[in-house]
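Note sheet for the following structure.
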There are 2 protein chains.
Amino acid sequence: MKSKRAAGDALSRDAVIERAMQLADAEGLDAVTIRRLGQEFGVTPMALYWHVKNKDELLDAMGDRLFAGLRYDTARDAPWDEQLRAVTHGLAEALRRHPACVDLAFRRVFYAPEGRAAAEHAFGVLRQAGFSSRQTADIATHALQTAIMLVRSEPGAEPGFTPEQVLERRTQKRAYLETLPAADYPYIRELADDLLDCDDTAAYYAFGIDVFVAGARSMLSPAAV
Amino acid sequence: MKSKRAAGDALSRDAVIERAMQLADAEGLDAVTIRRLGQEFGVTPMALYWHVKNKDELLDAMGDRLFAGLRYDTARDAPWDEQLRAVTHGLAEALRRHPACVDLAFRRVFYAPEGRAAAEHAFGVLRQAGFSSRQTADIATHALQTAIMLVRSEPGAEPGFTPEQVLERRTQKRAYLETLPAADYPYIRELADDLLDCDDTAAYYAFGIDVFVAGARSMLSPAAV
DNA sequence: ACCTGAACACCGTTCAAGT
DNA sequence: ACCTGAACACCGTTCAAGT
């Protein structure tokens, strides 16, 4: 009944990666440390090297896991721009589950099976919509980057901080903006609330994705320039 | 005539920040270390603490400097979408000078004087174009994020790597993509070259900015959805 | 197969002390 | 005003050794 470990789980590659992501979400990516993970498992730091080649490989594996459960084919027979929206939305939803790890995603798309499948799908959609291969590559890359950047800067979501700290930082930022002379920065003062708050995160994501999809659409049929 | 220092410059806050950015550009942001900077100036690490509060403050100061020399009012009397393009382009051009530092920019816009001025200008342009304050905040934030993401993932620009290493990594990535079964990933294989290369960086930036501006334009007059 | 101990070369930072 | 020495609590990683 009594375990050898101070902290529950048995050590394994999967458990290490899993715990690393939890740790990142709770305390920020900087808290993810070989030595700290050792502690979490009640084991010496060196024990981890049996399950993971080194820290870089661990971070890569975390990046791969970001794509787990990625949904994008929710609109199989819809027009191309709806499908592009679905891929981008799916990416954002997937990445949003681990905001502190979002920067690990970009370099791993083609290595994570789900990322690869989503990319292949997006490429097909765009090519058949009539985009050149250059445009297809650019737009698909842009879709991933859009999802990443929406997650990274979702207002009020600062990974590694407690809710109180987040509130505290917002208060400080607001106070700072109010020190700016209204004569010089009327618009910044006027928009302070909109810059700091985001009561409706669903609308935030929808807006960002709409802008991107509309932009892509205009690349296909450049109406007015 | 003979200096006390092993390495040229006198120590000062400005010199430290300047050298830190050079170091980041040459060897990546991870190479920027209090101890390493001490070495560069021929001084003990602790000497730096006289000129800079701590490492966080140094990084903030580097972020501020990214906005130095920012140009955006190249189209004062142009229509709003031209002006939005000019701001975004100016941001990208400014950030591009220190690609390794680009992640420091976002949180510092309102603290760097040039960033603040650019934000104020962009807000005015968007408000007068008829956007709501919510939309204005979102679009302007998006403009900065677009610039950041274009710089961050300019293909072939991997800060902290020598040209040979960049080439080497690209070769490896290409080799990897070619291991993927063509039956499962026909589009990835077809687009491999476009994903890896970017012979025309001017076109890369122009395309990214065009997509963004067109997207913003469609938010003002939602023609077809 | 899986984990530990000891060691190495690094970090950021503080604090009392020197000039 | 500006810098140093010594010290502390951290990093990632290697390698021989234990079970």
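Residue numbers start from 1 in every chain, and the chains themselves are labelled A, B, ... in the order their sequence lines are given, proteins ahead of strands. We use all heavy atoms of the structure for the numbers below, so side chains are in, but hydrogens, waters and symmetry mates are not.
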[X] has a side chain; which of [options] sits nearest to it?
X     : options               : answer
B:N54 : C:dT13, D:dT4, D:dT13 : C:dT13
A:L11 : C:dC3, C:dT4, C:dT13  : C:dC3
A:W50 : C:dG12, C:dC2, D:dT4  : C:dC2

### Task
Determine whether the aromatic ring centres of B:Y176 and A:Y111 lie less than 6.0 Å apart.
yes
Between atom [atom1] in [X] and atom [atom2] in [N], what is the gap in whole Å?
X     : N      : atom1 : atom2 : value
B:L59 : C:dG12 : CG    : C1'   : 12 Å
A:M46 : C:dC8  : CE    : C1'   : 13 Å
A:D56 : D:dT14 : CG    : P     : 11 Å

### Task
Any strand is fair game: report the nucleotide pairing with D:dA17 by Watson-Crick or G-U wobble, both distances under 3.5 Å, or none.
none
### Message
Can you tell me the base-pairing partner of C:dC8? Count Watson-Crick or G-U wobble geometry only, both distances below 3.5 Å, and say none if there is no partner.
### Response
D:dG12
### Query
Any side-chain N or O of B:H51 under 4.0 Å from OP1/OP2 of D:dA1?
no
### Task
Indicate the ring-plane relationship of B:H121 and B:Y72, choosing parallel, tilted or perpendicular according to the 30° and 60° boundaries.
tilted
#### Entry: B:D60/B:R107 ion pair, N-O < 4.0 Å
yes
### Message
I'd like to know if B:D14 and B:R65 make a salt bridge, using a cut-off of under 4.0 Å between side-chain N and carboxylate O.
### Response
yes
### Query
A:F207 versus B:Q135: any side-chain heavy-atom pair under 4.5 Å?
yes
### Query
Taking the side chain as C-beta and beyond, is there a heavy-atom pair between A:T136 and B:D194 under 4.5 Å?
no
### Task
Return the residues of residues 21-37 of chain B meeting this criterion: a heavy atom under 4.0 Å from some atom of DNA chain D. Order them by number, or give none.
none
